J.: 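Have a look at this one.
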Amino acid sequence: MPELNNTLTPLPYSLQAEQAVLGSILVDSDCMEKVATIVKPEYFYLPQHRVIFGSMMTMFTGSSAKIDPVVIADVLVKEGHYDLSGGREYLITLRDSVPSTANVETYAKIVEEQYFLRTLIQTSQDIINQASSGEADASTLLDSAEQRIYDIRQGKDVNGPRKLSDVIVNGVYDRLDKLTGEDKDKYKAIPSGFGMLDKYITGLNKSDFILIGARPAMGKTSFALNLAQNVAVNAGKKCVFFSLEMTKEQLAERLLASKAGIPSQKLRTGELSKEEWVRLGNATGEFMQTELYLDDSSSTTVPEIKSKVRRLKNVDIIIIDYLGLIQSAVRKENRVQEVSEITRNLKMLAKDLNIPVVCCAQLSRGTEGRGKSHRPQLSDLRESGSIEQDADIVMFLYREDYYRGEVDEDKQDDIDANLTELIVAKNRHGAVGTIEMTFDKEFTRFRSIEKKYEE
């Protein structure tokens, strides 16, 4: 009789399926190759079945011996799980009860299905208990619940190995057909709007997690907004911009100032000339036709971002400003672990939704204590090495003018206040290098210096 959970509801499991899986392996040890990709020891509900399958897995991975009742019984006795006679007798019963080994994968999938149902019930019960205890606020509980349910889904959706020829025909060639077909624009990478950048990274590709790192006041938000404007207005894509430190109105002001070529402070004072009002109206008209969405929730989690994006439907790209203000949906011991969890989930978000996710990040003060050169490096990413590991592309913004006070007085006149380096420090798809840009501070916009590279 299965044990009961807190709600006195029997947890689901299939005794026959569990016995059939174990029995099939005892009849034909080659069945283990089929079963090992579907179930794990913890998938079995009965403790004795978990122990038996665990011993089978140990033999399968570390021994060339055939799996049979005598050998398994000996292992179980040595591990203290069974006495010799009782263990061997039960294993023989399992072997003799199998109708056919031909259906072993079907038996294994039943065991897997029951395991996920039990996990869902137990997780739901934990969520009910947490909600009833009143120890956490509703927002935290919702985020935690969504993350835990999502983790169950992640464990269930596992793709097995596929033959190379199948991947080439149904994957690579299928994608190439789409890229050269009538609807090719749907499948191409989204152009960033910065020509030289696209030459390095081939555009903003689906499922990529892209990180933009810089010290404060380097222009992270401005660059991210320029990127959002380029993909929404110029490329006609659906973009969601999450800002965790600026309001929607502030973001809209910056976008209008950049598009209309009006100093941003004039939008705050209202002191616009007639010509500037005309330019502002034209810029507003262009934005009316774009699908650029702004979210200024001050505290948010990755599951919450995913939920909002799914409700909008058919989103092409997500931009987040910035990483340091995203909260972890699951409580961790320290911030380093939280950041590791967040970056892993951002990469999974990009992969699951099959769209690029761009996120800004603040660099550590290590850049400022590095002697003569303050150019950022991958080691300057704050709080966690997992940021570098999880990101497909890492870019840094660097302006020498930021460190003007540390340069000799006779050299300060040689520094271009607007010159910005966009450093592609990591790129899974191609080369790394530095792109020179100019930053128009009053209009909060970046422009590539294309001429230099053409020469």
Side-chain angles (χ1 to χ4, degrees), residues 1-125 151-164 166:
M1 182 69 183
E3 65 188 56
L4 303 181
N5 63 357
N6 292 358
T7 59
L8 301 179
T9 303
L11 292 173
Y13 84 110
S14 173
L15 174 63
Q16 292 78 12
E18 292 191 6
Q19 290 178 331
V21 169
L22 299 174
S24 296
I25 297 168
L26 292 171
V27 171
D28 181 1
S29 58
D30 289 341
C31 288
M32 193 66 186
E33 293 182 4
K34 300 175 183 178
V35 170
T37 60
I38 301 173
V39 297
K40 301 174 184 177
E42 61 268 25
Y43 286 19
F44 291 85
Y45 180 66
L46 295 180
Q48 61 266 38
H49 290 169
R50 284 188 223 126
V51 169
I52 293 169
F53 188 74
S55 298
M56 289 176 169
M57 284 289 288
T58 302
M59 285 191 64
F60 176 66
T61 55
S63 172
S64 59
K66 289 278 186 180
I67 300 173
D68 64 36
V70 175
V71 177
I72 292 294
D74 184 58
V75 172
L76 293 174
V77 169
K78 287 179 180 177
E79 292 177 354
H81 298 299
Y82 281 104
D83 62 72
L84 188 59
S85 60
R88 187 179 299 170
E89 183 179 338
Y90 185 62
L91 291 169
I92 291 172
T93 301
L94 288 175
R95 183 192 64 186
D96 295 341
S97 65
V98 178
S100 170
T101 61
N103 296 321
V104 65
E105 288 180 275
T106 303
Y107 305 146
K109 286 176 181 177
I110 294 173
V111 172
E112 178 196 41
E113 185 72 16
Q114 297 299 305
Y115 166 75
F116 283 116
L117 287 174
R118 291 197 304 275
T119 305
L120 184 59
I121 290 171
Q122 291 166 333
T123 300
S124 301
Q125 186 62 55
D151 289 342
I152 295 173
R153 166 63 67 184
Q154 283 300 113
K156 195 173 191 323
D157 293 340
V158 177
N159 294 318
R162 291 172 61 192
K163 191 177 179 183
L164 174 60
D166 181 42

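Since the structure is predicted, the reported quantities are computational estimates derived from the model, not experimental observations. Note that the numbering runs from 1 along the sequence shown for the chain.
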J.: Roughly how far, to the nearest 0.5 Å, is the OH atom of Y115 from the NZ atom of K40?
T.: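 It comes to 7.5 Å.
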J.: Drop me the distance from I25's CD1 to L91's CG, to the nearest 0.5 angstrom.
T.: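 The CD1 atom of I25 sits 11.5 Å away from the CG atom of L91.
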J.: What pair of heavy atoms forms the shortest contact from V104 to S24, and how long is it?
T.: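 Distance-wise, the nearest heavy atoms are CG2-CB, 3.7 Å.
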J.: Test Y90 against I52 for side chain to side chain contact (heavy atoms under 4.5 Å, CB included), laying out the working first.
T.: CA-CA 11 Å; Y90 185 62; I52 293 169; 4.0 Å; yes
J.: At their closest point, which heavy atom of L15 faces which heavy atom of H49, and how far apart are they?
T.: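 Minimum heavy-atom separation between L15 and H49: CD1-CE1, 3.9 Å.
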J.: Can you measure from CZ (R50) to CE (M57) and round to the nearest 0.5 angstrom?
T.: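 Answer for the CZ-CE pair, R50 versus M57, is 15.5 Å.
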J.: Considering non-hydrogen atoms only, spot the tightest contact between C31 and T101 and give its length.
T.: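 Looks like SG-CB, 3.9 Å.
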J.: Can you name the closest pair of heavy atoms from P12 and I121 and give their distance?
T.: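 In this case the closest contact between P12 and I121 is CD-CD1, 3.5 Å.
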J.: Say you draw a straight line from CZ of R95 to CD1 of I72; how long is it, rounded to the nearest 0.5 Å?
T.: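 Between R95 CZ and I72 CD1, I get 13.0 Å after rounding to 0.5 Å.
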J.: Whether the side chain of T123 engages the backbone of L120 through a donor-acceptor N/O pair (distance < 3.5 Å, no angle test) should be reported.
T.: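 No: the side chain of T123 does not pair with the backbone of L120.
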J.: Indicate the atoms forming the closest heavy-atom contact of I110 with A17, along with that distance.
T.: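 Reported closest heavy-atom pair: CG2-CB, 3.6 Å.
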J.: Supply the atom-to-atom distance E33 CD to D28 CG, rounded to the nearest 0.5 angstrom.
T.: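 One gets 9.5 Å once the value is rounded to the nearest 0.5 Å.
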J.: Mind checking whether Y43 and F116 have ring centres under 6.0 Å apart?
T.: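 Yes, the ring centres sit under 6.0 Å apart.
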J.: Is there a side-chain contact between L46 and Y13 in this structure, where contact means two heavy atoms from C-beta onward sitting under 4.5 Å apart?
T.: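 Yes, at least one pair of side-chain atoms sits under 4.5 Å.
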J.: What I'd like to find out is whether the side chain of Q19 reaches to under 4.5 Å of the side chain of T93, using heavy atoms alone.
T.: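 With C-beta onward as the side chain, the pair stays apart.
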J.: Would you check, one step at a time, whether the test side chain to side chain contact (heavy atoms under 4.5 Å, CB included) holds for F53 with E42?
T.: CA-CA 9 Å; F53 188 74; E42 61 268 25; over 6 Å; no
J.: How far apart are the closest heavy atoms of I38 and E112, and which atoms are they?
T.: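 Distance-wise, the nearest heavy atoms are O-OE2, 3.9 Å.
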J.: First locate atom OG of S14, then atom CG of L117, and finally report the distance between them rounded to the nearest 0.5 Å.
T.: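 Separation between the atoms: 11.5 Å.
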J.: Under the 3.5 angstrom rule, does the side chain of E105 hit a backbone N or O of K34 as a donor-acceptor pair?
T.: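 No, because the side chain of E105 does not come within donor-acceptor range (under 3.5 Å) of the backbone of K34.
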J.: Would you mind reporting whether Y45 and Q114 have side-chain heavy atoms less than 4.5 Å apart?
T.: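 Of all side-chain heavy-atom pairs linking Y45 with Q114, none is under 4.5 Å.
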J.: Checking L22 against F44 for the side chain to side chain contact (heavy atoms under 4.5 Å, CB included) test, could you report, in this order, the C-alpha distance in whole Å, the side-chain angles of both residues, the deciding distance, and whether it holds?
T.: CA-CA 10 Å; L22 299 174; F44 291 85; 4.1 Å; yes
